[in-house]
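In the text below, chain A, chain B and the rest are named by the order of the sequence lines, each starting its count at 1.
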Amino acid sequence: MKPALPKGTRDFLPLQVARRKYIFNTIEKTFVKYGFLPIETPAMESLSTLTGKYGEEGDRLLFKILNNGDFLAGADSEALEARDSQKLIQSISKRGLRYDLTVPFARFVVMNQNEIQFPFKRYQIQPVWRADRPQKGRYQEFYQCDVDVIGSDSLMYEAELVSIYSEVFASLGIEVEIKINNRKLLFGIAECLGIEDKFVDMTVALDKLDKISEAQVVEELKGRGIEESITIEAISLIKSDNLKDFTEKFANSETGVKGVEELLKVMDYCKRIGIKDLIFDPSLARGLGYYTGCIFEVVLKKEKYHHISMGSLGGGGRYDDLTDIFGLNDMSGVGISFGAERIYDVLSELGLFPQDVEEMPSAIFLAMDDQSHEMAFDWTMKLRKIGISIDIYPEPAKFKKQMKYANARNFKFALIVGEQERNEGKVALKDLDTGNQELMDFEMLRRKLQK
RNA sequence: GAGGGUAUAGCUCAGUAGGUUAGAGCAUCAGAUUGUGGUUCUGAGGGCCGUCGGUUCGAAUCCGAUUAUCCUCCCCA
């Protein structure tokens, strides 16, 4: 049979794995420094945990797992007869693959509330799955790196998370803008324009302003029943980057004022710790429905990387009612996520990966004959026992072949053992860059490889 | 959900206006070379040309369908 991967999935070569680990490690190190603790949740969740949490579109993109055994025995025969897939699913699939890490986290918090201490600071780096149509930089299986704190409404945490963004991207060598806005401020705008019932439509459309023209936004909102004059007013409002302007406008919107206050507080925290790249952007909306307070998004610094087109490298925000649906109230939380796959693409395009991400032994034994191979094997194992990473060619094959292998795998040294070396109880250490060779006994070799 | 591209050797891809036996590079193996690679030369193996159907004396090539995959829009990480 012909081997193939399901669409939107990838294999990773050793170098790619090493580079991905470098990203994950950089992110994780920062999370740990800020006092976040790791958790893991299963790849599968009950379908009921997942459905209805991501909107209509999200439900469509959920991977459903077919029930085991005779799944048709329990199938809804009416739905089956009517060929109603949507309805049939409930009776033939009770599990699905997780779509993000936030909803499983909410479930986790509710189920483990007696085991954890609030405010609970957790991070989670695991793959998620979406049955989306794949394209560049977008896959059906990809990793998310989430960091959330739940059980506190302190705005200090917003500042901590901004600081984490700032630190992680700085250590990766990428210059970014961290955009911040507040859903309450957006609601305030809707309120003073008298369209609070169309709040979601408004934000979704305004969010597209950097991609489509104002006229198109007006058009889109007209289709959703918002008058042109109101949309134009809304657009002019969010063009302002001065927070104080909003305070005046929000005379009739308590929520709007609250949003401005929250933003000022967070930005004040960030100023204290010297964060420069935080930018207030009132057009930032974020699609996900559960956000209620500050929202964030990270993008490449435009003036620096105008040649690279890449969506956001991360995003997040505050949510007040996430655990509510699972029966736990009064649990405000705030969290952000890193788009590791996109970060990978950016680092790779900019050539910003360190040279030495791949961890491998510096030397490999090559033997000329059976007896030498035995000696090389003994030395190999002795070195490994004292913690030195080392490799050996599996048989005394043709020497040229062994050299080729050592070279192709990028070893720094070849340790050559033939009759001559063996008789002296030594090996020849050949530097594969310079071609220089040096005879060494075991002790010399140990010292050479140990540093 | 809408649109576009691609499908030929293990891998990356050529294949001209339909015409005998479908090619290259890389990889693999063997030899020139019984202990020195990254950069030598020679040779070998390996293909129902995605699948089904149609046009034709004749199809990898043209047409239709189908499947798979990549990409663009929507949305997202």
What is the distance from [atom1] of [X] to [atom2] of [N], rounded to the nearest Å?
{"X": "A:Q135", "N": "B:C71", "atom1": "CD", "atom2": "C1'", "answer": "7 Å"}
{"X": "A:K400", "N": "B:G35", "atom1": "NZ", "atom2": "P", "answer": "12 Å"}
{"X": "A:I336", "N": "B:A77", "atom1": "CD1", "atom2": "P", "answer": "13 Å"}
{"X": "A:K401", "N": "B:G35", "atom1": "NZ", "atom2": "P", "answer": "14 Å"}
{"X": "A:L300", "N": "B:A77", "atom1": "CG", "atom2": "P", "answer": "16 Å"}
{"X": "A:I295", "N": "B:A77", "atom1": "CD1", "atom2": "P", "answer": "12 Å"}
{"X": "A:R133", "N": "B:G5", "atom1": "CZ", "atom2": "P", "answer": "15 Å"}
{"X": "A:R10", "N": "B:U69", "atom1": "CZ", "atom2": "P", "answer": "15 Å"}

Rounding to the closest angstrom, what is the interatomic distance between [N] and [M] at atom [atom1]?
{"N": "B:A9", "M": "B:C26", "atom1": "C1'", "answer": "12 Å"}
{"N": "B:C48", "M": "B:G31", "atom1": "C1'", "answer": "34 Å"}
{"N": "B:U66", "M": "B:A2", "atom1": "P", "answer": "13 Å"}
{"N": "B:C63", "M": "B:G47", "atom1": "P", "answer": "29 Å"}
{"N": "B:C49", "M": "B:G23", "atom1": "P", "answer": "14 Å"}
{"N": "B:U12", "M": "B:G3", "atom1": "P", "answer": "29 Å"}
{"N": "B:A27", "M": "B:U67", "atom1": "C1'", "answer": "29 Å"}
{"N": "B:U20", "M": "B:A59", "atom1": "P", "answer": "12 Å"}

Cationic N near anionic O, under 4.0 Å, A:E160 to A:K121
yes
Looking at A:E167 and A:K33, is any side-chain nitrogen of the basic one under 4.0 Å from a carboxylate oxygen of the acidic one?
yes
Let me see the working for A:R446 and A:E443 under salt bridge (Lys or Arg N to Asp or Glu O under 4.0 Å), right down to the final yes or no.
CA-CA 5 Å; A:R446 183 186 66 75; A:E443 195 45 35; 2.5 Å; yes
Which nucleotide, in any strand shown, forms a Watson-Crick or G-U wobble pair with [N], with both distances under 3.5 Å?
{"N": "B:C62", "result": "B:G54"}
{"N": "B:U28", "result": "B:A44"}
{"N": "B:U16", "result": "none"}
{"N": "B:G3", "result": "B:C71"}

Determine the interplanar angle of the A:F120 and A:F108 rings, folded into 0 to 90°, and report it as parallel if under 30°, tilted if 30 to 60°, perpendicular if over 60°.
parallel
Closest listed nucleotide, where the reference is the side chain of [X] and the choices are [options]:
{"X": "A:E419", "options": "B:A77, B:G35, B:C71", "value": "B:G35"}
{"X": "A:E341", "options": "B:G37, B:A77, B:U69", "value": "B:A77"}
{"X": "A:I416", "options": "B:C76, B:G35, B:C70", "value": "B:G35"}
{"X": "A:R130", "options": "B:C76, B:U36, B:G31", "value": "B:C76"}
{"X": "A:K398", "options": "B:G37, B:G31, B:A77", "value": "B:G31"}
{"X": "A:R60", "options": "B:U36, B:G1, B:C71", "value": "B:G1"}
{"X": "A:K7", "options": "B:C70, B:G37, B:A77", "value": "B:C70"}

Using a cut-off of 4.0 Å on non-hydrogen atoms, how would the nucleic acid contact of [X] be classed: base, sugar-phosphate, or nothing?
{"X": "A:P127", "value": "nothing"}
{"X": "A:G435", "value": "base"}
{"X": "A:E421", "value": "base"}
{"X": "A:G8", "value": "sugar-phosphate"}

Quick one: pull up [atom1] in [X] and [atom2] in [Y] and give me the separation to the nearest 0.5 Å.
{"X": "A:N67", "Y": "A:L47", "atom1": "CG", "atom2": "CG", "answer": "9.5 Å"}
{"X": "A:L449", "Y": "A:F413", "atom1": "CG", "atom2": "CZ", "answer": "7.0 Å"}
{"X": "A:R183", "Y": "A:F199", "atom1": "CZ", "atom2": "CZ", "answer": "5.0 Å"}

Residue whose closest nucleotide on RNA chain B lies nearer the 5' end, A:Y139 versus A:M368
A:M368
Of A:D433 and A:F338, the one whose closest RNA chain B nucleotide lies more 5':
A:D433
Just by distance, do the side chain of A:S152 and the backbone of A:P119 share a donor-acceptor pair under 3.5 Å?
no
No-H, no-angle donor-acceptor pair, A:Q402 side chain to B:U36 base, under 3.5 Å
no
